[in-house]
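Since the structure comes first, as structure tokens, the remarks are kept for the end.
Computed from heavy atoms alone, side chains included, the values below leave out hydrogens, waters and symmetry copies.
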Amino acid sequence: MLNNNDNRGTETSSGYSGVILSAIYMPRSATPYYADGSFGGVGPRESQYLGIHGDAINPVATLLRNKAYNKGSDLQSVTELTIASIVPGLTYTSRFSYRYTNSLYKSFQPKRTEPGKPNNQNILSYNTNKGYHWIWENTLNYNKTIGRHNVGAMVSMTSQENGGRFFSATARGLNREDEWAQFFINASIFDQDRPTDNEWKDRNASYVGRLSYSYADRYFFSASYRYDLAARLALDEKAIGVPGITAAWKVSSEPFFEVKGIDMLKVRASWGRIGNLGSIPGYYSYATLNSNTTYQIGNGAPLSPAAYVNSRLNPSLTWETSEQTDIGLDITLLNKRLSIVADYFDKKTFDLIKTQDTEWPNSMGYGAPLINQGQIGNTGFEFAATWRDKINQVEYEIGGNIATLKNRVKYIDANPKSFWAHGDSWRGVLTPYRSEVGQPYYSYWLIKNAGIFQTDKEAADYVKDGNRIQPNAKAGDLKFVDNNNDGTIDDKDRVFMGSAFPKLTYGFNANLYWNNFDFSVFFQGVSGVKLFHAFKQSTLNGAEQGYNRWDKILDAWSPTNTGSNIPRIAATDPNKNFQTASDWYLEDGSYLRLKNVLLGYTFKNCPGMPACVFTSPPTTC
């Protein structure tokens, strides 16, 4: 199968130049175009008052200037050989899959001459990428039935390889920006950007064995073992062996089971492990040096290439492992009209693969290594029920499902005070996350607020031992809780306040069938989830001078609007209302949404024909 694609896109997530934030920031008085047809900006091109409008970028210009050439091809093939009945019950299958990708990306960024973060230098970039992935699977399956006994066995070997090559080059200073001139030969500046290329390859092999047994449609048992080898790890850490077992008892198949109204009852249990390589890059155990061209020795000296150790190599890095236990129940009631599935799961992930952020000071001189550290637990219940019935000519199904999740960090290291510091931030100002033992992974770690000071006196009276806790606070500022009671608002006052993991997910659906019509509807929702609304920092903050704002800023606190929960607008934000990672940003993320609605009609077959065929002239059905 061959797939060719041609696409283009532009940057949307940046907190500085992304088109979404640019569209929000652009003043409402700004025009996307000037009278001469050129792209507009935050004010007249030669206005002396441009500084008051900020440096918002015209999002229309960003989108229309983006005419990147981005074409790729994807070739996939699957070849399979099956030999059945080598001996009775024994089947051999060999399957080879190959995928080849090839892409070329060309991007030309013209000069941005309109007001609002102008850029007087154009840039031409090329990227090429070639990659491949093959996987070869060989499987022997054996099944044998002897009376009421059914025995099965499977052995499988899988080998796979991924690889690719990448090349990137950039040039600047093209005198002409016409499409015909957008080539390297017309560029005048090459020494700012050094071409980049790399090659990578990764190989893995897996061996799997499984035995299964069932008796009289009552007792079911299977056991498996998987052995994986990863080329990207050091020799002593390449391998991992993971077992798994499952068992089930179909109680309703027992001769003694005669419970009216219960058509089927099955109890299930399983336990198993699986390995994960996470974010370990290919050839990790060999990649120790990086090259860079940004080093300059002395003012005015040319840029010089250099090889350096970017981060410490960890030869002991090994597999991340997940272990899961499940206990389940399947039951069918009332002449198979009601079906219920219930499960309890307990999943532990240990030896997490992550960058070391405990006991690694910056003074080490190079970056922290990848390590295996900690354990995370996820437990919960899952329940689903479906009712099927018929009223006259209308058949219908009504179903619902619900699942709970409790996520906790179980262990980090021997130091009970250790934590994982997550560097995720909004514009480098708000860093709301931290993980500690007993808390959800990626918990919100925030300072509580106790509302808004309504008077200057109220702010001045917020003291500890006669000293003001928030010395710069005035009426209209947020009151931050001095949680540790030391008289100062800082990180020591932060507390854990939940996470973005939903405590409850649920959904329900309905299906109707009448004659040839069918109708389905599906609702889905989550509960107990919290969201950190960081956009409030940029769209309600008075210190962000000159930009367009969220219209809710008109409801900010003022002496005549004391009921607002938005702090006062101040050009310098001396109380750091918007620079403090507080629960003022925290919002309820629960929702229920109509996810899918479908109405269909099925055409009946024509007499003597497999289906109605639309032809010219039309076929008579």
Side-chain angles (χ1 to χ4, degrees), residues 1-14 17 62 65-77 97-111 119 121-135 160-204 230-232 277 279-296 302-311 313 367 370:
M1 179 178 68
L2 176 63
N3 178 36
N4 288 308
N5 62 78
D6 185 357
N7 60 82
R8 70 184 181 97
T10 190
E11 211 285 318
T12 60
S13 62
S14 172
S17 59
T62 301
R65 282 173 172 149
N66 179 42
K67 299 179 180 179
Y69 178 99
N70 189 9
K71 292 188 177 182
S73 59
D74 188 342
L75 177 64
Q76 301 181 55
S77 68
S97 304
Y98 185 84
R99 182 178 185 181
Y100 173 80
T101 58
N102 185 15
S103 66
L104 173 63
Y105 176 80
K106 175 185 176 182
S107 172
F108 179 71
Q109 300 178 29
K111 296 177 182 178
N119 180 11
Q121 191 174 84
N122 49 38
I123 304 173
L124 175 63
S125 301
Y126 278 93
N127 293 324
T128 64
N129 202 338
K130 292 184 178 182
Y132 71 92
H133 176 210
W134 61 257
I135 179 169
Q160 59 180 311
E161 181 176 291
N162 300 274
R165 299 198 67 173
F166 170 83
F167 175 80
S168 174
T170 300
R172 304 167 188 262
L174 281 74
N175 293 325
R176 296 291 299 265
E177 295 191 338
D178 309 83
E179 188 172 350
W180 61 263
Q182 296 174 13
F183 294 93
F184 278 166
I185 195 172
N186 296 312
S188 60
I189 302 174
F190 290 92
D191 59 356
Q192 288 188 16
D193 307 278
R194 183 180 177 88
T196 301
D197 63 338
N198 61 47
E199 181 178 11
W200 65 277
K201 187 180 293 184
D202 186 40
R203 292 175 178 172
N204 298 289
R232 71 185 72 176
L277 292 173
S279 57
I280 304 176
Y283 276 161
Y284 169 78
S285 59
Y286 307 102
T288 57
L289 293 179
N290 288 327
S291 61
N292 197 295
T293 59
T294 60
Y295 289 103
Q296 188 177 45
L303 298 173
S304 302
Y308 68 100
V309 178
N310 183 39
S311 59
L313 181 70
L370 290 174

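Here the side chains of Y126 and Y69 are not in contact, with every heavy-atom distance at 4.5 Å or above. Using a 4.5 Å heavy-atom threshold, the side chains of N204 and L277 count as touching. By the 4.5 Å heavy-atom criterion applied to side chains, K106 and Q182 are counted as neighbours. Looking only at side-chain heavy atoms (C-beta outward), D74 and R99 come within less than 4.5 Å of each other. A heavy-atom distance below 4.5 Å is found between the side chains of N162 and W200.
Counting heavy atoms of neighbouring residues, nucleotides and ligands inside a 6.0 Å radius, atom NZ of K130 does not exceed 12 of them. Surrounding CD1 of I185 are at most 12 heavy atoms belonging to other residues, nucleotides or ligands under 6.0 Å away.
Under the ring-ring contact (aromatic ring centres under 6.0 Å, His included) criterion, F108 pairs with no residue, sequence neighbours left out.
Summarising the geometry of L2 relative to S73, their closest heavy-atom pair is CD1-CB, 4.4 Å, with the distance given to 0.1 Å. Listed here is the closest heavy atom pair of A169 and F184: O-CZ, 3.7 Å.
Results of the side-chain hydrogen bond (donor to acceptor under 3.5 Å, both in side chains) test with N122 over R172, E177, R176 single out E177 as the only residue that passes.
Taken from OG in S168 to CG in N127, the straight-line distance is 4.0 Å, to the nearest 0.5 Å. N7 CG to Y105 OH: the interatomic distance, rounded to the nearest 0.5 Å, is 9.5 Å. The OG atom of S188 sits 7.0 Å away from the CG atom of L174 when rounded to the nearest 0.5 Å. Note that CZ of F190 and OG1 of T170 are 10.5 Å apart. Values are rounded to the nearest 0.5 Å. How far OG of S77 is from OH of Y100: 13.5 Å, rounded to the nearest 0.5 Å. For the atom pair CD of Q109 and OG1 of T62, the computed distance is 9.5 Å after rounding to the nearest 0.5 Å.
Under the 6.0 Å distance and 45° angle rule, K201 does not count as a cation-pi partner of Y132.
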